[in-house]
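Take a look at the structure below.
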Protein chains: 4
Amino acid sequence: MSDHDLKIDELIDGEDLTEKQRKIIISAIESFAEKGFSATSTSEIAKKAGVAEGTIFRHYKTKKDLLLAIVAPMMAKFVAPFFIKDLKKVLDQDYENVEDFLRAMLENRREFLIKNLATVKILVQEIPFHPELKDLFKEHIALKVYALFEKLVEHYQEKDQIIQIPAYSVFRMIFSSIFGYLIARYMIMPEADWDDEAETERTIQFIMHGLAGPNSSKK
Amino acid sequence: MSDHDLKIDELIDGEDLTEKQRKIIISAIESFAEKGFSATSTSEIAKKAGVAEGTIFRHYKTKKDLLLAIVAPMMAKFVAPFFIKDLKKVLDQDYENVEDFLRAMLENRREFLIKNLATVKILVQEIPFHPELKDLFKEHIALKVYALFEKLVEHYQEKDQIIQIPAYSVFRMIFSSIFGYLIARYMIMPEADWDDEAETERTIQFIMHGLAGPNSSKK
Amino acid sequence: MSDHDLKIDELIDGEDLTEKQRKIIISAIESFAEKGFSATSTSEIAKKAGVAEGTIFRHYKTKKDLLLAIVAPMMAKFVAPFFIKDLKKVLDQDYENVEDFLRAMLENRREFLIKNLATVKILVQEIPFHPELKDLFKEHIALKVYALFEKLVEHYQEKDQIIQIPAYSVFRMIFSSIFGYLIARYMIMPEADWDDEAETERTIQFIMHGLAGPNSSKK
Amino acid sequence: MSDHDLKIDELIDGEDLTEKQRKIIISAIESFAEKGFSATSTSEIAKKAGVAEGTIFRHYKTKKDLLLAIVAPMMAKFVAPFFIKDLKKVLDQDYENVEDFLRAMLENRREFLIKNLATVKILVQEIPFHPELKDLFKEHIALKVYALFEKLVEHYQEKDQIIQIPAYSVFRMIFSSIFGYLIARYMIMPEADWDDEAETERTIQFIMHGLAGPNSSKK
DNA sequence: AATGAATGAGTATTCATTCAT
DNA sequence: AATGAATGAATACTCATTCAT
């Protein structure tokens, strides 16, 4: 189910990193997530990674390069593949109805979030301050993901499973609901006592009925 | 409709601020929103405000105090009043159905966002890094707003306008949908060409049907 | 016995000081003694004195003027008078022998020290860094005190109570012994359990025998 | 005679210091001695040493650490060894009488002072403001030096060369007299025209007779 | 006489980055 | 590849002093 998600290690090992490089990346992820990019000093990262300050700059020309080295592959390797694989399944009738698709997507994103919590935090927090990140994000999400998603919506709209509203509105609503849930669950109130199964189901049903429109009970 | 929202100026003038103090606050809001709290230097704020750097510290003992002076009153003065006033209206039958209430709330928050865009950006971006902010937020939202909201949900659930699921789930879904919309509209893609009226309506309908559940067409 | 020593208050009231001025001086003495002149900030003094920062500078043009206002009168008013009065007594045969003179001087300086501990501390600590202070000190000690002291030594040398060595050597030895005692007693180890009477006597005897020379037992 | 005293250079080279570190220490000693610790700025030290200001903080985490790096080894390496070596000589009958011991000690401390004048000045001036320094000093002087000194006094008291008064009184008197002399000679009035040989002799004789008591001529 | 807001130079310390080893 | 000493600009914050009220 989540075989298309890689572990952090895989992310990092993907390119041939030295042991030191791995330690630097891991330390940087921890610190960036905890205190923010610009509140984290390179000397702090070096200390936590157990390497000399100079070593960081041997591998990453600037501190910002280090940030990009953490955040860019996440966008490149993980966001896109998911939708591409899953869209195929939808079109190939693997998911006969929206509900199954939503459930699959939610669980898939949940696993991704759990594995990449820190990195996602960094991404979300730093995007507003770094135009390059914004551009990277737009490129990956807007052009690759959203384009596919649009077809998917049309697919279900033809089957009358989704109300006739613009695809971008559907996208926004699904996105808001699923990520609203995951963010609350894993980033805002991870310490609360969640009944994951029930909450997931409610979220799916909320989206389902919301998108089905007034004739939802006809089904 | 939005007479209970104050302008930034009012916020700032609320307490007797000197002219210099006002300039400092305004400059700080601008810079914090644009580059983030810790990437903004006090010398930069001073320069932009046209005051000496020392002047900042005469009024705000630390840079963090300056942040709190910006963010704290927003939570104290704006978040709470809205719900308290509107809840009354609901219980006094001013809003006979959920739909009217949601619409009022969405418009009210929209106006608030438009007026306080920068400050809200700062709040959202800095909350993860400052436990005091998190605490302030919890205190205001969780204790004051959420408690009232719960009653409201029960009120509509008794009238069968909302499906029988836990209030916190309802809260999360409404919150996700409305703020998902507003954030996309004003913070992520403000430059896009939005049909506000239609989009608002779709969002309201999405929530309405989502919360009405399978029997929504009965109505 | 100590009627020629004035209290701090008198020192301060000597010149007509306003209430605020008095508080400033007292606060400054405390802080200068505790942390040193240059480690003490004027704002700190103002706070401790309960006055506005500007008030200090209304009375004392600079921080250094404040230091001088504390230290200068002590030298002017206290160091000189003592010796002048006591020298007269010696020459008038009030003290027939060295011993009585030494005892009187030690007790007199002890009282002075106890009353002006903080101010003396400041004087001692700051003299090395302020040439004006050094000059003031030399003027008072070297020219007034030492000159008189020289006569006194000669007086006792003529009476064969003091060995025939240069007056400045005698001065140095007496000074070292008495102030060595008082400094140890009141500044270095004030918390120790001192038998003042015995220790005073030992010090006097030490000086007496030291200055009497090899024939001291003849007496 | 003074082979157990090391030069500043040795002090500094003792631990492996880089060239820059040496320059920093030397500049700091000069400035601290001249203007006092807290009136000396790190930028001033850096400039005088010809290094970047940051370099100071690479080697000494804080300005105070720099002070301790200067003052602590002086206490550790120089104060203790002297007495230990010399005490042995006394007990081994190398110094048959007090006079020889005093003379040796005075000359030894004189050489030490001449070589370490600036550092001693710093120590003396800063001790009142830094409890850690006071503690270090007490540890070295009180526990190591004084304890040995006590035995020495008893040794001579048994031989009837020193009057029967408490060892701490003897200690104080010798200390006052010798350091009173050295301080006057090298720190207060170094510019005066001193006849060192005669003055030393007078000081020794003063102590000798002072401690011998009334029966001093019996000898 | 007294205030306290305002200043700009200065403070100790940290920063990201470079470079010789 | 890795180090860590070295840097100089930047950092948040403090300073003594001025001045309009």
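Note: hydrogens, waters and symmetry copies are ignored here, and every other heavy atom, side chains too, is used. In what follows, chains are A, B, ... by sequence order, proteins preceding strands, each numbered from 1. Small disclaimer: the values here were computed from a predicted structure and weren't measured.
A salt bridge does not link B:E44 with B:K47: every distance from a Lys NZ or Arg NE/NH1/NH2 to an Asp or Glu carboxylate oxygen is 4.0 Å or more.
Applying the salt bridge (charged side-chain N to carboxylate O under 4.0 Å, His left out) test to every pair with at least one member in residues 54-72 of chain A, sequence neighbours left out, gives these pairs: A:K64-A:E132.
D:I45 places its CD1 atom 16 Å from the P atom of E:dG10, with the value rounded to the nearest Å. Regarding B:Y60, its OH atom lies at a distance of 11 Å from the P atom of E:dA6, rounded to whole Å. If you measure from atom NZ of B:K47 to atom P of F:dA12, you get 12 Å, rounded to the nearest angstrom. Rounded to whole Å, atom P of F:dT11 lies 8 Å from atom NZ of B:K35. Remark: C1' of E:dT11 and CD1 of D:I56 are 13 Å apart, rounded to the nearest angstrom. Whole-Å rounding puts the D:I24 CD1 to F:dA5 C1' distance at 11 Å. Going from atom NZ of B:K20 over to atom C1' of F:dT21 covers 15 Å, rounded to whole Å. E:dA6 atom P lies 11 Å from atom CG of B:L17, rounded to whole Å.
Annotation: side chain to side chain contact (heavy atoms under 4.5 Å, CB included) contacts of C:E34 (sequence neighbours excluded): none. Partners of A:E139 according to the salt bridge (Lys or Arg N to Asp or Glu O under 4.0 Å) rule, which considers only residues two or more places apart in sequence or in another chain, do not exist here. For the side chain to side chain contact (heavy atoms under 4.5 Å, CB included) test, residues two or more places apart in sequence or in another chain that qualify with A:A49 are A:K23, A:I24, A:S27, A:V51. Under the ring pair (Phe, Tyr, Trp, His ring centres under 6.0 Å) criterion, A:F37 pairs with A:F32, A:H130, not counting sequence neighbours. The side chain to side chain contact (heavy atoms under 4.5 Å, CB included) check on B:A118 picks up B:I29, B:A33, with sequence neighbours excluded. In terms of the side chain to side chain contact (heavy atoms under 4.5 Å, CB included) criterion, residue partners of A:A39 (sequence neighbours excluded) are, by chain and number, A:K35, B:S38.
Which of E:dT7, F:dT7, F:dA2 sits closest to the side chain of D:A52 comes down to F:dT7.
Within the 4.0 Å cut-off from OP1 or OP2 of F:dG4, not a single side-chain nitrogen or oxygen of D:H59 is found.
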Dot-bracket assigned to DNA chain F with the 3.5 Å Watson-Crick/G-U criterion, [ ] for crossing and | for other-strand pairs, is .||||||||||||||||||||
Output one line per pair: protein atom, nucleotide atom from nucleotides 13-17 of chain E, and distance, for all N/O pairs under 3.5 Å.
unit_1	atom_1	unit_2	atom_2	d
E:dT13	OP2	D:K63	N	2.6
E:dA16	OP1	A:T40	O	3.3
E:dA16	OP1	A:K63	NZ	2.9
E:dA16	OP2	A:T42	N	2.7
E:dA16	OP2	A:T42	OG1	2.9
E:dT17	OP2	A:K63	N	2.7
E:dT17	O4	A:E53	OE1	3.4

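Side-chain contact annotation: A:E53 with A:S43, donor-acceptor N/O pair under 3.5 Å absent.
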